[in-house]
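Notes follow once the structure below has been shown.
If you read the sequence from its start, that first residue is 1, and numbering goes on from there. Keep in mind that this is a model prediction, so the values were computed, not measured.
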Amino acid sequence: MKPPRAWRFTPWRIFRASLLALIGVAAGLYPAYFLTRVIFDPALNGAGLSLPARRLHESLAGRYASWATKRVASGKATLLSHEDISGTEWPLYGSVFYLWAEEELQAQWERDHSLFKEEPRRFARPAIDAAARLVADPGHAAWVKKHWGASYLEQENLFYRMLVIAALGSHRHLTGSDEFLPLLRSQTDSLAAELAASPTGQLDDYPGQRFPTDNISAWYAIQRADRVLGTDHSREIEEGLRGFVGARAGLLGLPPFASESGSSRPLDGSHGCGNSNACMLAPALWPDTARSWYAAYEKLMWQRDWLAAGFREFPVGYPDGEWYFDVDAGPVIRGNGFAACAFGIAAARRHGRFDHAYPLSVEAIALSWPLPGGRLLIPRLVSNAADAPYLGEAALLFQFSAQPLFAPARHHAGALPAIVFVCLGLYLGGGLLLLRRAYAVLRPRMRSRAS
């Protein structure tokens, strides 16, 4: 029998223990700490600027500026297939959300300078410029040029032109720059005139494809552009409601997800991703109709049980509607739509419905796996890593920073769904297990070796 081998304190043992401890703190204990702070954040259960919004603003600015600048310089967008929806649409869509969010943050800072050490539009100026230049970049229009040809800025092509107006209007508002003023003015005037002249009040996103929620987004972008251009399309915006009511409405008067090209006859039922977007933007356009849409959306799509709360992607009973995935809706789990619930945060906040906004916001953070430095791991992973890595974080930045346009309703959020505490337990338990393992690696002990 050989004598027991003495335990030795080696560099490899120190490295292993340090790595385990680092992962345990960063990926376990920190997310548990951050989620606990979020649960008690009053700005998620009322008006104000929440902790997640502040952290994302500080974290995302540098990353977004670097990514957007490099992407434009690379020319990669010109090489993508026009059928690659996430690769072509998402870089622009994420940039619009980022710019809208910075406008919201700037407005909050102007009311309370203590929110940030530096004015948001100054702190994030490189990202603001980079996001606008990405949207205005002709290379990032390559996919719509394949759909619409040389006249892609002159007729229909509503989704792309809406994004251009939205991004450049925000850039002008935040910076005062004239860099994109001619393009912004021409697109705002021409798209507003084309929508107003449409027999049905809607235009096609792509040839033969028409989505009412994108038409609503177009009116919202035009309204915001009016602020910086000194133009007034309020009459056209008011009349634009005709495209989404009466014979052109869907279930319970909500805008349908898709309409027939030309006639705008509803083709599909109500989808949560479209409803959340419509209810998020409509309060600024048609307040009375927005209230009725939100009430119908709540009746048709809101669900809450012991595990989770959220907006459904499809009404109850829709075939295959409980577990589903597509590029617009994202994952649908137990009926709850990823996009419907994410965009539902800003929709609920705009309507003052914090009984919806609060559980949705806390669930979003709980399921996002927050990391030190303000990053959100899961939104980063479910975005398009190659072409739009920051869509998820940019979209959530806008959701968390949106402020009420209606007086908060007197609704109590009640107890948080169990999924929040399941995630909290997993973060805390996982972190503690890794720390325990790190301690075990370093703990002196004797090992016996059989002869």
task: Determine, stepwise, if the pair Asp189 / His233 fulfils side chain to side chain contact (heavy atoms under 4.5 Å, CB included).
output: CA-CA 9 Å; Asp189 289 339; His233 293 97; 3.3 Å; yes
CA sep, side-chain torsions, deciding dist, call: Tyr324, Tyr318, ring-ring contact (aromatic ring centres under 6.0 Å, His included): CA-CA 11 Å; Tyr324 177 80; Tyr318 190 93; 7.7 Å; no
field: Steps toward side chain to side chain contact (heavy atoms under 4.5 Å, CB included) verdict (Phe34, Leu51)
entry: CA-CA 9 Å; Phe34 187 79; Leu51 175 64; 3.7 Å; yes
Verdict with reasoning, Arg125 to Glu118, per salt bridge (charged side-chain N to carboxylate O under 4.0 Å, His left out): CA-CA 11 Å; Arg125 179 61 187 266; Glu118 187 175 2; over 6 Å; no
query: After noting the C-alpha distance and the side-chain angles of Leu44 and Val38, does the key distance pass the side chain to side chain contact (heavy atoms under 4.5 Å, CB included) rule?
result: CA-CA 8 Å; Leu44 288 178; Val38 164; 3.3 Å; yes
- request: Show your working on side chain to side chain contact (heavy atoms under 4.5 Å, CB included) between Trp109 and Arg122 and close with a plain yes or no.
  value: CA-CA 12 Å; Trp109 180 88; Arg122 294 184 181 277; over 6 Å; no
- request: Carefully, step by step, assess Ser259 and Arg248 under the rule side-chain hydrogen bond (donor to acceptor under 3.5 Å, both in side chains).
  value: CA-CA 8 Å; Ser259 298; Arg248 300 181 190 102; over 6 Å; no
message: Is there a salt bridge (charged side-chain N to carboxylate O under 4.0 Å, His left out) between Asp41 and Arg37? Walk through the geometry before answering.
response: CA-CA 6 Å; Asp41 187 346; Arg37 291 189 64 188; over 6 Å; no
- request: List the steps, then state whether ring-ring contact (aromatic ring centres under 6.0 Å, His included) holds for Phe123 with His57.
  value: CA-CA 9 Å; Phe123 175 81; His57 163 69; 5.1 Å; yes
- request: Take Thr175 and Asp129, measure what side-chain hydrogen bond (donor to acceptor under 3.5 Å, both in side chains) needs, and give me the verdict at the end.
  value: CA-CA 9 Å; Thr175 67; Asp129 286 338; 5.1 Å; no
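Evaluation of the salt bridge (charged side-chain N to carboxylate O under 4.0 Å, His left out) test over residues 329-341, restricted to residues two or more places apart or in two chains, returns Asp305-Arg334. Counting only residues at least two apart or on different chains, the salt bridge (charged side-chain N to carboxylate O under 4.0 Å, His left out) pairs with a member in residues 255-280 are Glu260-Arg265. Applying the salt bridge (charged side-chain N to carboxylate O under 4.0 Å, His left out) test to pairs two or more places apart or on separate chains, those with a residue in residues 161-170 are Arg161-Glu194. Residue pairs meeting the salt bridge (charged side-chain N to carboxylate O under 4.0 Å, His left out) criterion with at least one partner in residues 342-356, sequence neighbours excluded, are Glu104-Arg350, Glu298-Arg353, Arg353-Asp355.
Using cut-offs of 30° and 60° for the angle between ring planes, the Tyr98 and Tyr64 rings count as parallel. Ring geometry for Phe159 versus Tyr93: interplanar angle over 60°, hence perpendicular rather than tilted (30 to 60°). Tyr160 and Trp143 have perpendicular rings, their planes meeting at more than 60° on a 0 to 90° scale where under 30° would count as parallel.
Between Arg312 and Glu322 there is a salt bridge, since a side-chain N of the basic residue sits under 4.0 Å from a carboxylate O of the acidic one. Salt bridge Arg54/Glu58: absent, no basic N to carboxylate O contact under 4.0 Å.
Residues Pro52 and Leu396 have side chains not in contact (no heavy-atom distance under 4.5 Å, counting atoms from C-beta outward). Residues Tyr427 and Thr36 fail the side-chain proximity criterion, which asks for heavy atoms closer than 4.5 Å. When side chains are defined from C-beta on, Arg185 counts as touching Thr231, because their heavy atoms get closer than 4.5 Å. Annotation: side chain of Phe325 is not in contact with side chain of Val332 (no heavy-atom distance under 4.5 Å). At least one side-chain heavy atom of Asp204 sits under 4.5 Å from a side-chain heavy atom of Trp148. Using a 4.5 Å heavy-atom threshold, the side chains of Asp84 and Ser86 count as touching. The closest side-chain heavy-atom distance from Ile378 to Leu367 is not below 4.5 Å. Contact annotation: the side chain of Gln399 never approaches that of Leu360 to less than 4.5 Å [non-hydrogen atoms, C-beta and beyond].
Across every non-hydrogen atom of Thr69 and Ala65, the tightest pair is OG1-O, 2.8 Å. In this structure, Pro255 and Ile216 approach most closely via the heavy-atom pair CG-CD1, 4.0 Å. Of all heavy-atom pairs between Thr88 and Ser81, the closest is CG2-O, 3.6 Å. What you find for Thr78 and Lys146 is that their closest heavy atoms are O-NZ, 4.4 Å. Leu168 approaches Ala132 most closely through the heavy-atom pair CD2-O, 3.9 Å. Scanning all heavy atoms of the two residues, the minimum distance from Pro283 to His351 falls at CG-NE2, 3.4 Å.
Here Trp219 and Phe244 keep their ring centres 6.0 angstrom or further from each other.
Checked against side-chain contact (heavy atoms from CB on, under 4.5 Å), Pro266 has the following partners two or more places apart in sequence or in another chain: Pro256. The side-chain hydrogen bond (donor to acceptor under 3.5 Å, both in side chains) check on Lys76 picks up Asp387, with sequence neighbours excluded.
Each of Arg375, Arg380, Arg55, Arg63 was scored for a salt bridge (charged side-chain N to carboxylate O under 4.0 Å, His left out) with Glu393, with one residue passing: Arg63. Residue Phe97 forms a ring-ring contact (aromatic ring centres under 6.0 Å, His included) with just one option from Phe343, Tyr390, Trp90, and that option is Phe343.
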